[in-house]
Structure formats: structure tokens, C-alpha cells
Amino acid sequence: MTNVATDTKAAVTRATTTDLPMVYVNGQMLPKSQAAVNVFDHGLLYGDGVFEGIRVYKGKIFKSDQHMRRLYACAKAIRLDLEKHVTPAEMVKIQRDCIEANNLVDGYIRLVVTRGVGTLGLHPFKCPVPGVICIADQIQLFPPELYEQGMRVVVAKRPRIPVKCLDPRIKSLNYLNNILAKIEAIDAGCLECIMLNTEGFVTEGSGDNIFIVKDGEIFTPPSEAGILEGITRKFVIEELAPLVGVDVTEKELRIEDVYEADEIFLTGSAAEVIAVTRIGDNEDDARIVGSGSEGTITNKLRTKFRQIVTSDNIPEN
Ligand code: PMP
């Protein structure tokens with residue numbers, strides 16, 4: 001394929017241990033301090049691009065095929081013909097090169113595809129070559145103790161961007177809606193929020209999907225509520241929940257359904273599976289979810305998740 005070099009071996013050997021990770025930027029494997037983008041890249045100027053956040057477990061790319069399908073579908077949704085420049089197989093090779101260059105065993109890949117370098121105007125088709133960045137590093141979204149204890153979240157006052165304006169199914173570089181909602185959480189002394197849509201229905205967290213448990217069944221908002229169709233969400237629905245013997249139903253949820261849930265949990269590539277145990281703007285008068293600690297079903301799902309991602313059979317498909 002044209003324009004994006006994938007032979008990065010020579011550059012890799014120049015890595016020093018203090019300037020890591022080595023980062024793939026538009027055909028080059030560069031040490032962290034030199035990994036930079038052109039200021040005329042529309043990814044930077046306009047948030048014009050798409051991305052993926054992907055887990056690496058035991059050196060394997062977790063659900064690689066699904067992440068590639070979503071990336072290429074999102075590129076298509078913003079009228080970016082990515083395949084013309086980089087095939088999905090080449091995109092996977094870039095990720096494997098980054099894993100190898102950084103000796104990554106367990107970690108996280110951030111794959112960014114920008115519209116590319118163009119003019120100062122909005123015109124996206126004046127950017128002839130998409131930009132491709134791949135960072136393989138560590139991530140810790142929430143402190144480890146919260147996985148045992150469960151976390152507090154707030155209900156964001158700011159609604160999720162409506163599907164008609166910018167479909168949240170597109171994992172675009174435009175994350176300000178989520179960032180401003182996350183700031184609401186941070187201002188309230190916690191790390192995540194529940195975002196509602198403009199009709200008042202529950203959508204998702206700022207960087208993860210939401211599930212509730214009620215009377216032994218699991219419910220999660222449907223895609224049409226305005227959510228990212230998370231790959232961890234799909235893993236829970238199609239694999240983990242059946243393994244622990246619980247049904248999942250996609251259903252529009254009101255915030256009252258969430259308040260009255262027996263359990264709540266969030267899912268995401270970075271977040272994995274984590275319980276929400278309190279909802280409110282401060283610790284003292286937060287609503288307690290269920291028993292106030294991680295629920296039985298959430299615990300079973302989280303344990304199953306950890307079992308699979310630490311097994312000798314990490315699913316890449
Ligand atoms: N919703 C949003 C808004 C996200 O950014 C993410 C990913 N960080 C998710 C849900 C979870 O998606 P996935 O399981 O594919 O990581």
C-alpha cells in the first residue's frame with residue numbers, strides 16, 4: 001500500500017530506555033520525545049479523525065479484529081477512505097511492531113487516525129494522506145482499590161451529544177463532550193459520570209459503557225440511545241454474561257432505573273469491568289447502589305473477565 005511505511009525495525013534499534021515508549025508516527029518509529037505531529041494536521045486543528053483504545057494482554061491484541069472493524073467503520077463514517085492508504089492487516093502489523101519495540105506484555109494501545117495534513121480551512125478533502133499514530137504503553141484509568149470497592153460517580157448535567165449531531169457510535173477525535181462531562185465528575189471529587197441524552201435517557205460514562213443489574217437480570221442502554229458500541233460491552237453481552245448464566249437485555253433506561261438498580265457496573269477497554277456503588281455530587285449524601293459494595297453478578301463478571309485475560313488463550317478475534 002502507499003504512503004505509510006511499515007518497516008520500522010531500523011528505527012527501533014535507536015530506542016533508549018529513558019525515552020520510551022517508542023511511538024509509531026506516520027511511518028516512523030520514534031522515541032517519545034520526538035513523536036510529534038504536523039501542526040497542519042486536521043486531527044489537531046479540528047479533531048478530525050478517529051481512534052481506538054485497545055488492550056494488550058500477554059503480548060496479544062485483545063479483540064483485535066473487532067477493533068479493526070470499528071476503526072475502519074468509523075473512518076468510513078467520517079468519509080475517510082483509510083483502506084486506500086493502510087489495510088487492516090498493515091494496521092495490525094503497526095501495532096505488533098509497537099508491542100515488540102516496547103517489549104509490551106500487558107498494556108494499552110492508542111491507535112489514532114487523523115484526516116492528515118491539509119490547509120487551514122475545514123475542507124477535509126484537501127488532506128491527501130491520513131495520519132496514523134500508534135502508542136503502546138501502560139494505562140491505569142482508575143486506582144486499583146476501586147476495582148474491589150466500587151466507585152462513586154455523578155450524573156453529568158451536560159447531555160451526551162445527540163446522535164443526529166455527531167453519532168457517539170463514531171469514536172472520533174472530538175471528545176470535548178466527554179471531557180467536559182468528566183470535569184463535572186472531577187469537580188465533584190470522583191472520576192466518572194453517567195451521561196444522559198437530550199431526552200433524559202441514560203447513555204454511558206465519559207469513557208465507558210454502563211450496565212445495571214435488577215432482580216438477577218442485566219440491562220444496558222441500546223445503541224440508539226447515543227453510545228459508543230463498546231467492544232468490552234459486546235464481550236460482556238455475548239460472552240461473559242452467558243458464561244456466568246445471566247441474561248442481558250438492551251433497554252432504554254431512565255436515571256431512576258439506575259438509582260433503583262441492585263448493581264451497576266461500567267465497561268471499557270481501559271476501565272475493564274468496575275462496579276459503581278455510589279451516585280452523587282459528594283460522598284456524604286450520595287445515593288447508595290444496592291448493598292453499597294460490589295454486587296455478586298458484577299463480581300462474577302469481573303472475575304471471569306480477569307480469568308480470560310490472564311489465561312493462555314487471549315481472544316484476538
Ligand atoms: N464509551 C465511550 C465514550 C468510550 O470512550 C469508550 C472507550 N474508552 C467506551 C464507551 C468503551 O468502549 P470499549 O469497550 O470499546 O473500550
Side-chain angles (χ1 to χ4, degrees), residues 47 49-57 61-75 77 95 107-113 135 137-142 151 153 155-156 158-163 165-185 191-197 201-212 218 220-241 248 250 253 264-274 276 301-302 304-306 308-309 314-317:
V50 291
F51 76 103
E52 281 297 320
I54 307 167
R55 278 279 180 173
V56 175
Y57 297 113
I61 306 172
F62 182 69
K63 299 283 173 190
S64 174
D65 294 357
Q66 290 185 29
H67 280 285
M68 286 308 96
R69 276 203 293 277
R70 185 170 70 184
L71 179 72
Y72 281 78
C74 288
Q95 295 166 71
Y108 178 85
I109 290 175
R110 173 57 55 88
L111 193 54
V112 182
V113 173
I135 310 167
D137 205 358
Q138 301 300 325
I139 192 164
Q140 197 203 82
L141 195 60
F142 304 125
M151 64 192 295
V153 302
V155 179
R158 170 184 310 274
R160 190 85 179 91
I161 263 180
V163 174
C165 299
L166 176 60
D167 193 334
R169 279 173 282 216
I170 303 172
K171 197 164 168 61
S172 85
L173 295 181
N174 261 281
Y175 251 53
L176 267 183
N177 180 226
N178 312 53
I179 288 169
L180 293 172
K182 173 130 182 156
I183 289 173
E184 291 188 42
L191 291 170
E192 191 47 289
C193 60
I194 298 172
M195 298 182 79
L196 310 179
N197 63 24
F201 289 103
V202 174
T203 64
E204 58 184 340
S206 68
D208 20 66
N209 292 113
I210 187 167
F211 291 78
I212 66 166
I218 304 177
T220 194
S223 174
E224 307 79 61
I227 63 166
L228 181 76
E229 291 175 339
I231 283 156
T232 323
R233 174 182 181 272
K234 189 175 161 75
F235 185 48
V236 167
I237 296 173
E238 293 181 0
E239 298 180 54
L240 295 183
V248 184
E250 293 182 54
L253 300 174
I264 303 172
F265 62 91
L266 306 175
T267 65
S269 299
E272 300 186 323
V273 176
I274 188 164
V276 170
L301 292 168
R302 186 167 66 85
K304 194 44 94 187
F305 182 94
R306 290 302 318 165
I308 293 172
V309 301
I314 311 293
E316 288 202 317
N317 56 343

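Note that this is a predicted model, so its numbers are computed, not measured. Counting convention: from 1, in listed order, for ligands and their atoms alike.
The protein non-hydrogen atom at the shortest distance from atom 14 (O) of ligand 1 is Thr232 OG1, 2.6 Å. What sits closest to atom 2 (C) of ligand 1 on the protein, heavy atoms only, is Glu204 OE1, 3.5 Å. Shortest contact from atom 12 (O) of ligand 1 to any protein heavy atom: Gly230 CA, 3.3 Å.
The closest donor-acceptor contact from the side chain of Glu250 to the backbone of Thr220 lies at 3.5 Å or more, if one exists at all. With hydrogens and angles ignored, the 3.5 Å screen pairs a side-chain donor or acceptor of Glu192 with a backbone N or O of Ser206. A donor-acceptor contact shorter than 3.5 Å links the side chain of Asn174 to the backbone of Gly47.
Within ligand 1, the atoms closer than 4.0 Å to a non-hydrogen atom of Ser206 are 3 (C), numbered from 1 in the order shown. Of all atoms in ligand 1, listed by their number and element, those nearer than 4.0 Å to a heavy atom of Gly268 are 11 (C), 14 (O), 16 (O). Set against the non-hydrogen atoms of Ser269, the atoms of ligand 1 under 4.0 Å away are 13 (P), 14 (O), 15 (O), 16 (O).
The residues Glu52 and Arg70 are annotated as salt-bridged, a charged nitrogen and a carboxylate oxygen being separated by less than 4.0 angstrom.
At least one N or O atom of Ile231, backbone or side chain, sits closer than 3.5 Å to an N or O atom of ligand 1. Below 3.5 Å of separation, one finds an N or O of Arg70 facing an N or O of ligand 1.
The aromatic rings of Tyr175 and Phe51 stand perpendicular to each other, their planes meeting at an angle above 60°, with 30° marking the opposite boundary.
A donor-acceptor pair shorter than 3.5 Å cannot be found between the side chains of Glu272 and Thr232. Side-chain polar atoms of Asn177 and Arg160 form a donor-acceptor pair below 3.5 angstrom.
Residue-ligand proximity: Glu229 is placed with every non-hydrogen atom at 4.0 Å or more from ligand 1. Residue Tyr175 places a heavy atom under 4.0 Å from ligand 1. Under a 4.0 Å heavy-atom criterion, Gly207 is in contact with ligand 1. Within the structure, the closest approach of Lys171 to ligand 1 falls below 4.0 Å when heavy atoms are considered.
Evaluated for a salt bridge (Lys or Arg N to Asp or Glu O under 4.0 Å) with Glu239, the options Lys234, Lys304, Arg233, Lys63 yield exactly one hit, Lys63.
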Q: Assess whether side-chain contact (heavy atoms from CB on, under 4.5 Å) is satisfied between Val163 and Glu224, documenting all intermediate values.
A: CA-CA 8 Å; Val163 174; Glu224 307 79 61; over 6 Å; no
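Only the side chain of Asn178 comes within 4.0 Å of ligand 1, counting heavy atoms alone; its backbone N, CA, C and O stay farther away.
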